[in-house]
Amino acid sequence: MTLFGREPQVQSLRAAADEAAAGRGSAILLEGEAGIGKSALLDAVVEYCGRLGVRVLRAAGEQLEQDLPFAVAGACLDVLTTGGEPNRARVAALLRGEGADRQPGAAGHDFVVTEAMLDLVDEWCAAGPVAVIVDDVQWADPQSIVVMHRLCRGIAQYPLLVVLAATPEPRGEAMSALVRSMTAKGAQRMTLPPLDPQGAAQLVEAAVGAPAGPQLAQLAAAAEGHPLYLTELVAGLARDGALRIEQGRAETDHDTPPAESLQTMIMSRLGPLPPPTQAVLHRAAALGGSVDLPLLAAVLDVPVLELAEVFAAATGAGLLVESAAGLQFRHELIRQGLAGQTPSSVRGVLHLRAAQVLMDRGGDVEQIAEHLAQADHVEHVQWLLDAAPQLTVRAPDLAVTLLRAAVAGGADDTTATRLNIALIRALLWAGQADEAERLLHEQLAAYQSSTTRTQLLELRMDGYFRQGRLQQAAAAAEDAARLAPAHPGRLLGFAGVCRLLIGEFEAGDRLAGEALRAGLATGDVIAQAYGKNTLAALRFTQNRVQEALDLNVEAMGVLDHAVGALILDPLVMRAMCLFALDRPAELDRALDAAARRHRDTGGVYLTTTQLLRANVLFLRGRWDDALAEIRTGLDSPDPLRQAPALRGLASMVALHRGQTRTIDAELADQAISTPLGTRFTAPLRWAYAMAEEGDAGPGAALDILYPLWEQPPTFSPRCIGYRMCADLARLAYAAGDAGRLQHLADTTADLLAGQPSASLDGTVGLCRGLQHDDPVRLLAAAASFAQAGWPLHEGYAREHAAVVLAGNGRLQPARDELAGAVALYTGLEAARDIDRARARGRQAGIRQGVRGPRGRPRHGWAALSDTEHKVALAVAEGRSNPDIAAQMFLSPRTVQSHVSSILAKLGLRSRVEIAVSAAALEPRTPAAG
């Protein structure tokens, strides 16, 4: 393939392909106006990748498919050709809407599909280099743009080349965001300029078979280096018989182009074709996309063989080309020009006829809907009603458009009611909650049967819940339950959960009991699970953890596949109980199961599991792992608005490590302004208190943090909130606040009586030891924290014990305990705690002698945490991120975060280099704890 005047661009693209083949990925954004040669460059890179043995995934955006989610990404991955690949078959099933009934809305379903597509590409990258080539990205649907964004984010660690081609305009918000993201991540932006004079001359010479003479060269100069214009100019002159070869040069007598514009020049190719052929081409262009010969033959009611002859002539005229996807117009400008010459009324009839043909064939609902949406009047209402559930999942915006038009088109009362209910569902799925609520009010105000009113009320409660309006959601559920629906217990259970989430415990308790009784009376296991699990959550907020766990076990015992129907996940509730009871092995299994299910179903509690896992990792001293989990959580859907808590926990790690003195201004404002009763407040306020300790002293920090213990938030009751008591006790001791220290000691002791665990025993011992300056209790607390595997807390206890021992004149034991505390802090890279401990030791007269243990190095294999080390070895074995995730109870995105950290610490550029470096490693002994 010869590309004239594009040598620099070709070399850049080939270099990027070489890098991908060697294991290091990159992204390139190719920009330029229509006809400037972007597609030709993509052809060149596809051909070169084929020579390198790179797996090529190619697609192009189409203007008519912008409302079809994952249209471009699905075509690129070719998921309809599943073969024997389970992951590809799973993506195809998700695109058909399978399992969407378990999800709360389009955002959840889109997340599941996106993750499944990323896993599929990850699997292919583990087998060999991959190139993703997408043309006309400006027409891509928003969901496909998200997939491309996610592919480009961690691209350096994969043998992956992503090349996206786009025109400068038009660009929607999603496309503009993709460009900004790619640029920020270091993607190469390649803007195609017009050809220089030499390149233009070479192109003309190749087209006519001889160098251009003076008149032809002057005429070609008017094209200003535009490749498509030059090509069409030469073709037009040739059709007019205006080219001749004289003395080895091509010449013409024309002094003006054969047409006034590029569009007209292109359309002039129609001239030699007979009128019937032109008419067929106009109709094919009006239908859009690739040319589907059997469909077009059925729409026009002509034999396929007759059309084949027509398109053979059109291909010879340069209007159509053969591609892997079948016949296509050679350029979108050709299709647009032909379609624009077809009257809108004719286009509408063609689309309606195409929709009917596809219905008769049992075609894809979204393809049928695309044609119906192009018609100028409403037909096929019954098909729309039957297809609405699937269409709502597959293409919610299309569903809304068609249902809205059908409602406006007029129908009998029964059909209108069904259409409105389907429209409300589609609006909710598409995230258009305000319009859905307005329509709900209108429908409820009209006289409806009890069955219809129940359906509407259930939709209403679902809509309120998605908007976070829990008070109204609970009221709507209770109203629906009073109308004696088929499953009143489920509605009461839903209402009970909503009441619980807004802190109305008495009402939640009552509704949970009613749901349980209704479920037992009717045998409805979902209602029973609602009742038992909601009661479990209530007992948890009352610090009655064992009762909560027992109820949770009963709830899970009556459920099977119906778990996904609950809005309060039993697995998450179980994990909360196990967290409070200090049962790490069971906790890890529960968190893993919960995270996997919510990732696979788009459940609303995915970020809850990630936040809880990050908290657990923080307490266990695995701070790098906690940060990786936090990064994954911040990338996940966040319907419960937990991002501030995740960022607060990340700030705590940074503060302990001395990386900053204060949290950023936005988080500080949130920490101050967020009411104490708000869900997931604790990590944010905790981080803010630590920042204020350095700036305003321990007393100010205590005033900020202590209210979380006096009036715990709903989902951070004392049964788990005690994890911050070590900091509270430390601050109270430093501030000389004996009253609060006494209160801490007494309340944690009361909690321990009903919730025995090593970490809580250590917390009580630390509070009592500080209260009485008792080194025995402090050292016992350190032992309990060591048993629980909480190294930071163990360091606190040993640090305080050292100061008390020194005050009692026992300097050698004091030195030993201080050295032990500093060693623990060093293992955490907790520079702030190291500095504080050494300063207190000096004040207490402890001579520290030689410098303590050295911290983990910043670079090299020794810099890796144990988790990173395991991930690196798995990468070296050629495992994909999903495989590693399944082996290590992590999410694939958390593994991706670890791989990025590994590359940075090792100073490497690809997974291949990790494998080479790992081959020379000595076996590593895991760190203690």
Side-chain angles (χ1 to χ4, degrees), residues 1-16 28-47 60-61 133-139 163-171 175 179 183 187-238 243 249-252 254-269 318 321 329-334 336-337:
M1 180 179 296
T2 303
L3 287 172
F4 300 105
R6 300 301 189 203
E7 289 79 8
Q9 292 84 2
V10 170
Q11 290 304 316
S12 293
L13 287 165
R14 287 184 173 184
I28 296 174
L29 179 63
L30 187 60
E31 299 173 286
E33 62 179 300
I36 200 69
K38 301 185 300 298
S39 298
L41 271 175
L42 295 185
D43 291 339
V45 75
V46 166
E47 185 269 340
I133 313 292
V134 183
D135 203 354
D136 288 325
V137 180
Q138 74 276 2
W139 300 126
V163 183
L164 309 179
T167 58
E169 298 294 340
R171 280 188 181 167
M175 180 62 194
V179 173
T183 304
Q188 180 182 353
R189 292 186 71 172
M190 187 184 295
T191 300
L192 283 187
L195 297 177
D196 60 24
Q198 181 181 356
Q202 290 173 335
L203 178 58
V204 172
E205 181 178 349
V208 300
Q215 186 67 25
L216 180 58
Q218 182 178 351
L219 195 59
E224 297 180 341
H226 193 286
L228 183 59
Y229 192 104
L230 281 167
T231 303
E232 293 302 318
L233 171 66
V234 171
L237 292 170
L243 283 179
R249 290 188 173 274
E251 193 54 279
T252 181
H254 282 213
D255 56 2
T256 60
E260 294 180 358
S261 69
L262 175 60
Q263 183 76 47
T264 306
M265 200 176 289
I266 291 174
M267 297 306 296
S268 68
R269 288 179 177 267
V321 292
F329 287 95
R330 189 170 64 86
H331 200 282
E332 179 63 12
L333 291 174
I334 297 174
Q336 289 174 359

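Index from 1, following the sequence.
- L237 has its side chain within reach of H254: a pair of non-hydrogen atoms, C-beta onward, lies under 4.5 Å apart.
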For a quick test of your reading: what N or O donor-acceptor pairs under 3.5 Å do the side chains of residues 195-213 make, sequence neighbours left out?
| residue | atom | partner | partner atom | Å |
| --- | --- | --- | --- | --- |
| D196 | OD1 | Q198 | N | 3.3 |
| D196 | OD1 | G199 | N | 2.6 |

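- Of all the heavy atoms in P168 and G32, the pair that sits closest is CD-O, 3.5 Å.
- Shown here for Q215 and T252, the closest heavy-atom pair between the two residues is CG-O, 3.0 Å.
- To the nearest 0.5 Å, atom CD1 of residue I133 and atom CG of residue L42 are 6.5 Å apart.
- In this structure, CD on E224 lies 10.5 Å from CG on L230, to the nearest 0.5 angstrom.
- Scanning all heavy atoms of the two residues, the minimum distance from A166 to Q138 falls at CA-OE1, 3.3 Å.
- Using a 4.5 Å heavy-atom threshold, the side chains of E33 and T167 count as separate.
- Atom CG of L233 and atom NE2 of H226 lie 12.5 Å apart (nearest 0.5 Å).
- Residues R6 and S12 have side chains not in contact (no heavy-atom distance under 4.5 Å, counting atoms from C-beta outward).
- Atom CG of L30 sits about 6.5 Å away from atom CE of M190, to the nearest 0.5 Å.
- Expressed to the nearest 0.5 Å, how far NZ of K38 lies from OG1 of T191 amounts to 11.0 Å.
- Scanning both residues, T183 and V179, for their nearest heavy atoms gives OG1-O, 2.8 Å.
- Between A223 and Y229 the shortest heavy-atom distance is CB-CD2, 3.2 Å.
- E251 contributes atom CD, which lies 9.0 Å from atom CG of L243 (distance to the nearest 0.5 angstrom).
- Closest approach of L3 to E7, counting heavy atoms only: O-OE2, 3.9 Å.
- The side-chain heavy atoms of L192 and L41, taken from C-beta on, include a pair separated by under 4.5 Å.
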